[in-house]
Amino acid sequence: MHGKQIMALKKHTNPQDELIGSTEGIHIVDAGAGTGKTYSIVKRYGNILDKSYKPENILLITFTKNAAEQMREKVVKDFSEKSGISRLLEAPIMTFHAFCSRLLKKSGMNSPSYLGLDEFISGNFSLAEDSSFEEEMFRKFFMTFSGINNEKYESIQYALEGKVNDVLSVIKKLCSVGIFPSANGWSESDKEKLKGNYELFSERFDRMNEIRKGERGDKQSLLSEKFKNTVRDKLYKDFKEGDVYAVKNVNPGIKESIFNDEAQELFHEFINDVYLSYIEYMLKRNQLNYEFMVMFAYLVLYNNKNLRQNNQFEYVMIDEFQDTDELQFKIILLLCKNMNGIANLCAVGDWKQGIYSFRNTKIENITEFKNRLSEFADELNKDEKRIEFDTGDHTKIIFENNYRSSDTILKFSRGTLFVSATAEDEVDEDFVSSNFAEPLLPERKLEDLTEIKFYKAADRIDECRLVLKKISQLINEKDKYKIRIFENETGKVAEERPVMYSDICVLSRNKKFCHELQREAMTAGIPVNYSGGIEIFASEQGVLILAWLRLLLNEKDISGWIPVLDKEGYSFPEVKYFSDNFIKENSVNSDLIPADLFEFLRHLKTFRNNILFAVEAILGRYRYYDETANKLIAVIQQWNSSELISLNELVRIIENSANAEFDTESGNTSDAVLTQTIHASKGLEYPVVFIANVNEKIFPDTKGDKGKIIFNHSAGLRAKTFYGTNGSYNYIFNNWKTDLINAVTKNPDYAEERRLLYVAVTRAKQYLYFTSHRPSPFFVQTAGKSGSEIISDFEYEIIKNKTEEISVSEVTADESDVDKGRKFISPHALMENLIDESADTVTEENEYSINLRNKNREFGLMIHNIANKTANGIEVESDIEEVKRIKEFIHSLKADKLIAEADFLYPEENRTIRGTIDLLAFYKDRVTVIDYKTDKDKKNIEKYKLQIQIYKNSIKSIYKDKEAEGLIYFVSLDEMVIV
DNA sequence: GCCCGTCTATTTTTT
DNA sequence: ATAGACGGGC
């Protein structure tokens with residue numbers, strides 16, 4: 001009876017119900033992995049609706065497009081009766097960045113004036129989404145900036161040694177903590193922040209500089225040891241060992257003088273100037289990056305009381321709060337409406353899953369919520385009362401009930417936050433213990449259908465094979481390994497079945513292992529798909545494009561010929577012979593080059609003035625029409641269309657963008673193992689998880705920081721190098737003062753590596769395996785904690801997948817099956833489903849048809865590119881008839897506003913249509929949807945009409961006050977068709 | 001046991 | 001370029 005009472009009490013105070021029920025006031029929710037976070041947020045949303053609040057007054061913020069889409073889908077599904085579908089479809093449920101973008105487009109025009117800039121933000125600004133694209137833009141900007149400011153900052157520019165990206169990244173970092181430049185220089189409070197925090201520094205200095213007690217007497221201090229390591233092989237000026245070191249530690253007398261380093265003052269001024277000029281440069285080009293977009297949204301809300309109040313919400317909920325930075329926290333506060341002294345704010349997150357500090361997010365936003373809440377409110381109220389609600393009071397709710405993992409895995413997962421990453425690394429155990437209670441018993445009873453094991457392999461390849469062996473065992477020993485499925489609502493067992501490939505996920509700290517595993521799996525006959533980023537310019541397609549473009553630039557360029565010859569099948573000695581003898585007395589020995597390659601180069605030269613044509617021709621030569629090829633074209637087109645670039649520049653950009661990435665799912669079998677990085681796996685769950693590649697220097701990652709500039713709270717902003725003279729010689733010296741401060745203030749973020757381990761472990765529901773071939777401390781220590789042996793002699797025959805390969809087209813057709821949630825579908829795909837397929841006569845592809853298709857595609861791309869430029873007010877000169885026509889056509893529209901290449905998203909009942917409209921022309925009472933076609937006839941017109949119809953419907957639902965009409969412009973025929 | 005020189009591998013990714 | 005691991009010299 002006593003027990004029953006406790007049960008009842010517990011049920012009543014289930015933290016989930018507590019959150020769902022309490023809608024008023026400030027709530028911070030610590031919701032661990034698998035605790036039903038999304039479920040609770042949606043339920044709570046419904047509760048707020050019940051109190052007769054309108055969807056437009058409830059802001060629900062997430063961080064990924066997918067999460068926002070999912071959240072809206074659930075809300076629409078559950079509450080359409082309460083509020084009506086159309087209202088919920090338009091409710092503010094969106095990503096943080098989408099919200100900022102919308103705010104700026106609506107009310108951000110004058111925002112730059114708050115920095116003292118004359119530029120405006122126009123409603124159709126574009127975002128620099130691609131990092132290599134932005135880096136190149138910054139490089140270009142910096143060259144001009146250097147030219148203008150050469151006299152003042154010459155020495156600083158030398159000291160940077162061309163590492164321009166370091167400047168860009170520190171600017172973004174400053175932006176994310178709310179330090180902005182201005183035409184009048186840094187504000188007084190920002191100046192202080194850039195100097196650093198001496199108290200904090202001093203305290204850490206003393207702590208690290210304590211002489212340690214060793215077994216044979218005094219041991220040098222940690223700081224002394226660390227700094228001696230740093231000093232090796234460095235060129236310092238005025239560095240006197242006798243002054244810097246005492247007997248067993250660093251001389252404490254130099255503490256204050258190294259901190260107040262006068263050399264940094266000009267550097268701070270330099271950063272302000274670069275920062276502000278770069279913002280100005282981007283605005284002039286109608287460009288923003290993500291950081292500046294958030295900054296301008298903040299400036300609007302901070303400075304304009306009217307706009308602030310007009311944009312506030314009665315209810316604000318934010319998910320994944322551990323992924324916010326300091327500036328985003330402040331924006332959230334500014335968005336809360338003052339409801340009689342109270343704000344209805346609910347921040348949900350899990351500090352243990354904070355793994356994005358490389359983009360400046362702060363888990364302290366959760367762990368120090370109370371302090372930050374009042375601290376940030378004070379800062380926002382500095383000169384004017386902006387936060388009027390009470391920030392002294394809030395409720396903290398902790399979700400403890402786990403609905404995902406087995407008892408064994410759940411217990412084990414907590415321990416991963418206590419393993420040290422190196423021999424020296426000390427875990428802050430008090431911090432973890434006080435912020436993470438022992439887990440309750442899990443809700444899902446898995447009994448014996450669970451295990452955690454550790455396997456050691458001999459080498460890299462063997463580790464991949466080991467994973468595949470274990471996968472084979474899981475699949476084939478059907479009596480031993482079973483997947484238990486539970487009913488969602490009741491928690492009852494619904495099904496027990498054998499393991500399928502798609503139940504299994506192999507995680508790695510880096511992408512490299514994922515690719516290796518996929519390669520090995522292909523040989524072994526195990527289906528493995530990869531999901532995540534691919535470096536496109538490292539792909540074969542990318543390498544060949546770069547090679548040919550180099551040759552186009554300079555046919556003597558041996559670095560161009562080598563990949564080309566390699567692709568032609570020449571052996572290594574042959575290529576070597578070629579490279580040794582290709583150039584004799586500075587002239588080309590062209591006899592060595594196969595005639596058809598020379599011929600192709602001549603063909604390419606006719607495209608010298610149209611880079612996109614050249615790229616298309618290269619891809620066409622090798623018959624690349626795959627996803628990677630399309631992405632390459634799209635990336636190069638983006639670079640090409642922002643500003644006309646020369647071939648020279650393009651080659652340099654590609655050389656510098658080896659890491660340009662795009663997301664992909666590779667492999668096309670439906671029942672397959674998935675491999676991905678731990679970062680990519682966040683938010684997902686799998687019955688079987690492998691944490692592979694737990695190897696030395698990989699996981700935990702112990703890489704240092706190579707940047708030329710440091711910035712953190714206690715050290716402030718400092719350059720690591722400076723330009724100076726030594727006698728009559730000029731050198732770039734390292735600044736030993738900065739290095740020493742860095743040794744004191746930089747805390748290697750192994751806590752984040754541990755959180756990454758925690759994220760990986762908590763993906764698993766039933767079976768969890770670790771593999772390694774050079775065990776790192778994580779592997780050894782977690783094995784110890786679990787009490788398992790490390791198995792080094794595991795053998796199992798890899799049994800090839802017997803199920804039939806499913807072709808790509810079958811998988812695509814499968815997508816009409818919408819049971820698994822909302823699908824994204826393009827209008828083209830939609831049309832394919834709607835139109836009778838017999839209308840298209842399928843012809844076998846031959847060389848001619850491929851050539852023709854390629855030519856047509858080139859032409860279509862060029863026309864679209866030119867139309868895009870014309871619509872954006874960029875004049876294009878050309879003698880081509882079609883180009884003249886399209887220019888004339890666009891001018892003849894006489895629209896109030898034109899938006900070219902408009903991306904749009906239109907949710908229908910169970911799918912979302914996603915596409916790009918060539919051109920939208922806005923008039924007072926109507927919008928015209930325009931699509932260009934370069935066809936030589938109108939035989940596909942019915943198809944096109946349908947496409948336009950879909951666009952029109954979508955547009956009509958977005959711009960309710962306007963009529964929508966459709967227009968197809970057949971450029972080659974010079975004919976218009978109204979739809 | 002302590003210190004120092006040498007060796008070894010070297011990113012994660014959303015908007 | 002960096003930091004941790006390792007091993008030789010004392």
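The chains referred to below are lettered A, B, ... by the order of the sequence lines, with proteins before strands, and numbering in each begins at 1.
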K.L.:
Taking only the side-chain nitrogens and oxygens of A/Lys248, find out if one of them lies under 4.0 Å from OP1 or OP2 of B/dC3.
P.N.:
yes
K.L.:
With heavy atoms under 4.0 Å as the rule, sort A/Phe63 into base, sugar-phosphate or nothing.
P.N.:
sugar-phosphate
K.L.:
Using a heavy-atom cut-off of under 4.0 Å over every strand shown, decide if A/Gln220 touches base, sugar-phosphate, or nothing.
P.N.:
sugar-phosphate
K.L.:
Between P on B/dT10 and CG on A/Asn693, what's the gap in Å once rounded to a whole number?
P.N.:
8 Å
K.L.:
Is A/Asp701 touching bases, backbone alone, or none of the nucleic acid, heavy atoms closer than 4.0 Å?
P.N.:
base
K.L.:
On the ring face of A/Tyr750, is A/Arg754 found with NZ or CZ under 6.0 Å from the centre and within 45° of the axis?
P.N.:
no
K.L.:
Looking for any heavy atom pair under 4.0 Å, which part of the strands does A/Tyr750 touch: base, sugar-phosphate only, or nothing?
P.N.:
sugar-phosphate
K.L.:
Tell me which nucleotide among B/dA9, C/dT2, B/dC4 gets nearest to the side chain of A/Ile698.
P.N.:
B/dA9
K.L.:
Between A/Asp319 and A/Lys37, is there a side-chain N and carboxylate O pair less than 4.0 Å apart?
P.N.:
yes
K.L.:
Classify the nucleic acid contact of A/Lys163 as base, sugar-phosphate or nothing, counting any heavy atom under 4.0 Å across all strands shown.
P.N.:
nothing
K.L.:
Taking the six-membered ring for Trp and the full ring for Phe, Tyr or His, determine whether the centres of A/Phe722 and A/Tyr158 are under 6.0 Å apart.
P.N.:
no
K.L.:
Of the nucleotides B/dT13, B/dT14, C/dA5, which has the atom closest to the A/Arg359 side chain?
P.N.:
B/dT14
K.L.:
Base, sugar-phosphate alone, or nothing: which one does A/Lys697 contact when heavy atoms must sit under 4.0 Å apart?
P.N.:
base
K.L.:
Measure from NZ or CZ of A/Lys228 to the centre of the six-membered ring of A/Tyr245 and say whether it is under 6.0 Å with the direction within 45° of the ring axis.
P.N.:
yes
K.L.:
Decide yes or no for A/Val427 and A/Val419: does some side-chain heavy atom of the first lie under 4.5 Å from some side-chain heavy atom of the second?
P.N.:
no
K.L.:
Specify the residue among A/Ala421 and A/Gly707 whose closest nucleotide of DNA chain C lies further upstream toward the 5′ end.
P.N.:
A/Gly707
K.L.:
Give the rounded distance in Å between these two atoms: CD1 of A/Ile211 and C1' of B/dC2.
P.N.:
15 Å
K.L.:
Which listed nucleotide (B/dT11, B/dC4, C/dA5) is nearest to the side chain of A/Glu696?
P.N.:
C/dA5
K.L.:
By nearest atom, which of the nucleotides B/dT15, B/dT13, B/dC3 is closest to the A/Lys219 side chain?
P.N.:
B/dC3
K.L.:
OP1 or OP2 of B/dT15 sitting under 4.0 Å from any side-chain N/O of A/Ser101?
P.N.:
no
